[in-house]
Trainee: 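Below is one structure. I have some questions about it.
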Amino acid sequence: MSEETILSVTDLSLELRTENGYVPLLQDLSFRMEKGKVLALVGESGCGKSVCSMALTKLLPKDLFRFTGGEVLFESRNLLTLASKELESVRGRNISYVFQEPFSSLDPLQKIGDQMTEGFLIHSMGSRKEGEEKAEYLLSSVGITDVKLRMNSYPHQLSGGILQRVSIAAALMCDPKLLIADEPTSALDVTVQAQLVELLLKLKDAFGLSVLFISHDFGLVSHIADQICVLYAGRVAEIGSTDSVIESPSHPYTRDLLNSLPSRFTATGAFRTIEGRVPPPGSYPRGCHYQNRCSSAFDRCESSKPNLLIAGSPEHYSACYLLSKQGENK
Ligand SMILES: Nc1ncnc2c1ncn2[C@@H]1O[C@H](COP(=O)(O)OP(=O)(O)OP(=O)(O)O)[C@@H](O)[C@H]1O
């Protein structure tokens, strides 16, 4: 693991318990995150983005999910095999989360100030007074005014946009190195979304954070991510630098996602949606998971799953047999 790498995920595989037994959900996911950079996990709803993000620190319910392989190296320790005490000290302290719904991560019965200092005290980061001072500092860093008043407020007294700022401030209380933001702006209106994205970028630089940003919105991530990892039905379809993936998408799924962006409406104004739906776990096809929706699929796509192959520029990979077919035709 190089010094510049903060998180390295290799062949992460996970199954979901269903009425018919365990079925694959994540299959052989591999990606690497650089310190101080933003990696975006992109894909339609149901592709496995949230499950992947929660799997990284084993936040998933044990009675529903089981790991079947792979490793998650964070600062050279495999989080999947850490003792639960050690893992708890990583979670919330070194790696923290911001979720889509601020209401779901904040306790409705506890004042904001108390919630913010709780994790700080649990992780023995300092005294209560120091925790309160830090909470006030972070609340003002995320652009909240009347900080003392907000510290004494309950979540229901604040708007969605303010609450998401509070969640971000709370996530920074223990000086995390990695922030996992799961669709942090999608429950908010467009103006507030833009402000929060700007804020996240500022905080990333100010606090030296690495950010795993989860989104189904290619347009949004193209502004903020250094790297993009496109997931499709539990597998990595394509991964590479943002410029490379957006300017030279190699996987048909990435191309279809990009073509369905409103900014790429056709001249007639038609909206090019992708036909069909993401297959749920238990219904993944035997070969490439995208074959049923892919206009370029051929025989081989039905029989086996393509692995990631180099797609042009360095560090740009795509899991599509078209790449090897093109190679053969050269
Ligand atoms: N607790 C659960 N019980 C049953 N199925 C689940 C559970 N959590 C996730 N799944 C299934 O796993 C698949 C991946 O879900 P996940 O939430 O990770 O997708 P996602 O890409 O994050 O989608 P979204 O953008 O809608 O959040 C989906 O088919 C989902 O229905």
Side-chain angles (χ1 to χ4, degrees), residues 7 9 12-31 33 38-70 72 80 95 97-105 160 164 167 179-188 193 196-197 211-222 224-225 227-239 245 251 253-254 256-258 260-261 273-274 276-285 288-293 305 319:
L7 184 87
V9 178
L12 177 63
S13 299
L14 181 90
E15 292 182 338
L16 170 72
R17 189 162 61 85
T18 68
E19 316 178 309
N20 304 318
Y22 279 93
V23 296
L25 198 164
L26 301 181
Q27 291 188 323
D28 302 316
L29 288 197
S30 298
F31 59 90
M33 288 189 64
V38 180
L39 179 128
L41 273 187
V42 185
E44 290 162 285
S45 183
C47 278
K49 305 179 297 294
S50 299
V51 167
C52 170
S53 73
M54 299 218 273
L56 300 178
T57 63
K58 295 174 86 176
L59 269 182
L60 296 164
K62 280 194 192 131
D63 57 338
L64 267 183
F65 296 90
R66 73 175 181 201
F67 289 90
T68 48
V72 176
L80 301 188
I95 302 181
Y97 287 81
V98 176
F99 295 104
Q100 180 174 352
E101 288 291 343
F103 282 104
S104 62
S105 47
Q164 198 56 303
S167 306
L179 183 71
I180 298 180
D182 189 350
E183 306 250 11
T185 62
S186 44
L188 306 167
Q193 273 188 20
L196 275 179
V197 165
V211 181
L212 180 64
F213 191 90
I214 294 165
S215 178
H216 59 269
D217 183 346
F218 233 122
L220 176 64
V221 304
S222 64
I224 63 165
Q227 269 198 301
I228 290 180
C229 175
V230 182
L231 279 192
Y232 187 76
R235 290 175 67 81
V236 175
E238 180 157 8
I239 183 163
V245 170
H251 198 287
Y253 179 53
T254 313
D256 290 346
L257 280 179
L258 284 166
S260 63
L261 278 176
T273 50
I274 312 178
R277 309 183 76 176
V278 180
S283 302
Y284 292 166
C288 172
H289 289 187
Y290 194 53
Q291 60 177 283
N292 298 332
R293 303 171 79 190
K305 297 185 197 300

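All values reported here derive from a predicted model rather than from experimental measurement. Remember, it's 1-based here, ligands and their atoms both numbered in the order they're listed.
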Trainee: Distance-only criterion, 3.5 Å: show the donor-acceptor pairs between side-chain atoms of residues 50-57 and protein atoms not counting sequence neighbours.
Mentor:
unit_1 : atom_1 : unit_2 : atom_2 : d
Ser50  : OG     : Asp182 : OD2    : 2.8
Ser53  : OG     : Ser50  : O      : 2.8
Thr57  : OG1    : Tyr97  : OH     : 2.8

Trainee: Using the side-chain hydrogen bond (donor to acceptor under 3.5 Å, both in side chains) rule, pick out the option among Glu238, Arg293, His289 that qualifies with Tyr232.
Mentor: Arg293

Trainee: Measure the spacing between CG of Leu39 and CG of Leu7 and express it to the nearest 0.5 Å.
Mentor: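 Result: 9.0 Å between the selected atoms.
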
Trainee: For Ser13 and Asp28, indicate whether the former's side chain and the latter's backbone hold a donor-acceptor pair under 3.5 Å.
Mentor: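 A pair under 3.5 Å: yes.
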
Trainee: Say you draw a straight line from CG of Leu29 to CD of Gln27; how long is it, rounded to the nearest 0.5 Å?
Mentor: 9.0 Å

Trainee: Give the residues near ligand 1 by chain and number, with the criterion being a heavy-atom distance under 4.0 Å.
Mentor: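 Answer by chain and number: Leu16, Leu25, Glu44, Ser45, Gly46, Cys47, Gly48, Lys49, Ser50, Val51, Leu64, Phe65, Glu183, Pro281.
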
Trainee: Hey, are the side chains of His216 and Ser45 touching, using non-hydrogen atoms and a 4.5 Å cut-off?
Mentor: no

